[in-house]
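First the structure, in the form of structure tokens, and then the observations on it.
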Number of protein chains: 2
Amino acid sequence: MISEIQSDKLSNSNLIETQGAFRALSDPTRRGILMLLSEQEMTIGDVSEHFDITRAAVKKHLNILEEGALISVHASGRERINRLEPLGLKSAVDWLNYFNQFWDEKLSALQQAVEDEQNNQN
Amino acid sequence: MISEIQSDKLSNSNLIETQGAFRALSDPTRRGILMLLSEQEMTIGDVSEHFDITRAAVKKHLNILEEGALISVHASGRERINRLEPLGLKSAVDWLNYFNQFWDEKLSALQQAVEDEQNNQN
DNA sequence: CTTAAATAGTACCTTTTGGTTTCATAAATC
DNA sequence: GATTTATGAAACCAAAAGGTACTATTTAAG
């Protein structure tokens, strides 16, 4: 079956490759950091000012984001510039896009239901 | 600034709404379960046969997936049918799609390649 | 009615996670 | 050269996560 082939492909190779990204994305603070860095690359100190935790805790989050290839760090003198790596989100996006085929089905059904409801209300 | 408005919108409301989904997605076993259920809805026993952990552990994963609204559970006699809820992935997909704009800015060529690849797979 | 099957739930254990505090190091700056 | 300044890293801690074993409950089946 085609579905089994797809399943193998995603559950074996892709499942492992995505782990770093999905792990990094599971924490709300880390997602907040990604949002921040999407506006501007920043030093650790800069990032820390936006959160109510210590700089050391922020550093740990940045390490995990870097491990997941969601950011990159560049030395500049004694500072370290943290930069968003949007391409790192690709593995997670790809994995989720596999399900598009299913929620496209659901969505069309839902859309129909919404339209029916609107017609009843009017 | 527009970027600040967008940031607020995503970091406050959406960030919280997506937590259940992203948390559920962070574990490879749970992503495997989602893949399984994408092919066919199954009982807990059926799901358990695909993994090398106890039924109780699988049940915990299913609970977390249900909390994240990624699956739904339907009683049928003494069995519980676990069904994929693809729409539950929408919050996570939406959050990630915010970053599409940065792909566009910096990596439009690469994004095109990704889309082409997706088209070839479908 | 009794028994087997499918699941729920709890107690318990170990590892991971998110956080802190403290100390060390490297680079500007005075 | 001495002193801030920005960061790295280790030790430690409480809570959450992922797992097991065991017990209870509900429902099919004989």
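Just so it is clear: chains get the letters A, B, ... in the order the sequence lines come, proteins before strands, and each one is counted from 1.
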Across the strands shown, which category fits K60(B) at heavy-atom distances under 4.0 angstrom: base, sugar-phosphate, nothing? base

Write down the distance between CD1 (I64(B)) and C1' (dA17(D)), rounded to a whole number of angstrom. 7 Å

Nearest to the A56(B) side chain among dA17(D), dG18(D), dA21(D), which nucleotide is it? dA21(D)

I need the CG-P distance between D46(A) and dT5(D), as an integer number of Å. 15 Å

Whole-Å gap separating C1' (dG18(D)) and CD (Q19(A)): 13 Å

Just how far, in rounded Å, is C1' of dA10(D) from NZ of K59(A)? 14 Å

How many Å lie between CG on N63(B) and C1' on dG18(D), as a whole number? 13 Å

Just to confirm, is there a sub-4.0 Å distance from OP1 or OP2 of dG18(D) to any side-chain nitrogen or oxygen of T29(B)? no

Opening and closing nucleotides of DNA chain C in contact with chain A, under 4.0 Å to non-hydrogen atoms: dT17(C) to dA28(C)

Starting at atom CZ of F22(A), determine the distance to atom P of dA17(D), rounded to an integer number of angstrom. 18 Å

Interface with DNA chain C, restricted to residues 65-81 of chain B and to heavy atoms under 4.0 Å: R78(B), E79(B), R80(B)

Can any side-chain N or O of S76(A) pair as donor or acceptor with the backbone N or O of E79(A) at less than 3.5 Å? no

Are a donor atom and an acceptor atom from the side chains of D46(B) and T43(B) found within less than 3.5 Å of each other? yes

I'd like to check the salt bridge (charged side-chain N to carboxylate O under 4.0 Å, His left out) partners of R80(A); sequence neighbours left out, ordered by chain and number. none

